[in-house]
Q: 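Got a structure for you, written out below as structure tokens; questions coming shortly.
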Amino acid sequence: DAGVIQSPRHEVTEMGQEVTLRCKPISGHNSLFWYRQTMMRGLELLIYFNNNVPIDDSGMPEDRFSAKMPNASFSTLKIQPSEPRDSAVYFCATSGLAVVDEQFFGPGTRLTVL
Amino acid sequence: QKEVEQDPGPLSVPEGAIVSLNCTYSNSAFQYFMWYRQYSRKGPELLMYTYSSGNKEDGRFTAQVDKSSKYISLFIRDSQPSDSATYLCASVRGSASKIIFGSGTRLSIRP
């Protein structure tokens, strides 16, 4: 298995532009998580899905952020419009159905908003 | 106050030393406690997890939880340069699928 796949790996954009991050989960995993990591705030959970349904989006910072999971093999995180303070590494992670679910993280997307 | 607090370091020790990494948490409802390791420019990966209080050993690594003091520890024996990474403690609440991470401690092992 290739693990969690994220694209792009790096994204540099200008303030005000729309940014779309993509994630392909491990086949058979039912839960998908989007995290943001910065030096100042550490690893923050933005939103997570279970069986393609958003369960908790309380970590989404504001309405500029949105996430979708149209099917079991694909999810997107969109920022529109982007701002410099959105610069961070965004991770997608997935897990199965065990009581203690190990989350498998993707390699991350390093986003820089100028 | 964050639910899981962790000293960010950095922590630098010589090869072969015993390393102690620590976290505190505030939510008494936490039942599962985890340590994730994150190498530079990589995603975190699960290193160990424990349920409730007690110790768990895996090779050179020992995870310890004291629920009475809300204290989580990770000990690394005979530390190696390859152990150089950021270590994140984490706790699970509620549905067991939402993990609360500490901010991570950056560890460097000097050869």
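Sequence lines set the chain letters: A, B, ... in the order given, protein chains first and strands last, and positions in each chain run from 1.
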Q: Return yes when atom CZ of A:Arg64 has more than 12 non-hydrogen atoms of other residues, nucleotides or ligands closer than 6.0 Å, and no otherwise.
A: yes

Q: Considering only heavy atoms, which portion of A:Gln37 lies under 4.5 Å from any heavy atom of chain B: side chain, backbone, both, or neither?
A: side chain

Q: Atom NZ of residue position A:Lys68 - does it have more than 12 heavy atoms of other residues, nucleotides or ligands inside 6.0 Å?
A: no

Q: Would you indicate whether A:Asn71, at its atom CG, is surrounded by more than 12 heavy atoms from other residues, nucleotides or ligands within a distance under 6.0 Å?
A: yes

Q: How long is the gap from CE on A:Met40 to OG on B:Ser103, to the nearest 0.5 Å?
A: 11.0 Å

Q: Measure across B:Gly43 and A:Phe91 and return the closest heavy-atom pair with its distance rounded to 0.1 Å.
A: CA-CE2, 3.4 Å

Q: Go through B:Ile99 and A:Tyr35 one step at a time and tell me if the side chain to side chain contact (heavy atoms under 4.5 Å, CB included) criterion holds.
A: CA-CA 11 Å; B:Ile99 299 179; A:Tyr35 290 91; 4.3 Å; yes

Q: Could you check whether atom NZ of B:Lys42 has more than 12 heavy atoms from other residues, nucleotides or ligands sitting under 6.0 Å from it?
A: no

Q: Between A:Gln103 and B:Leu46, is the side chain to side chain contact (heavy atoms under 4.5 Å, CB included) condition met? List the steps.
A: CA-CA 7 Å; A:Gln103 293 189 9; B:Leu46 181 65; over 6 Å; no

Q: CD of B:Gln80: more than 12 outside heavy atoms within 6.0 angstrom?
A: yes

Q: Hey, is CZ on B:Arg77 packed in by over 12 heavy atoms from elsewhere, all under 6.0 Å?
A: yes

Q: In Å, rounded to the nearest 0.5 Å, how long is the span from CG of A:Leu43 to OG1 of B:Thr86?
A: 11.0 Å

Q: Given the rule in the side chain to side chain contact (heavy atoms under 4.5 Å, CB included) test, do A:Arg110 and B:Arg41 qualify, once you have shown the distances and angles that lead to the verdict?
A: CA-CA 9 Å; A:Arg110 186 171 295 273; B:Arg41 297 188 177 269; 3.0 Å; yes

Q: Can you tell me which portion of B:Gln38 sits under 4.5 Å from chain A's heavy atoms? Options are side chain, backbone, both or neither.
A: side chain

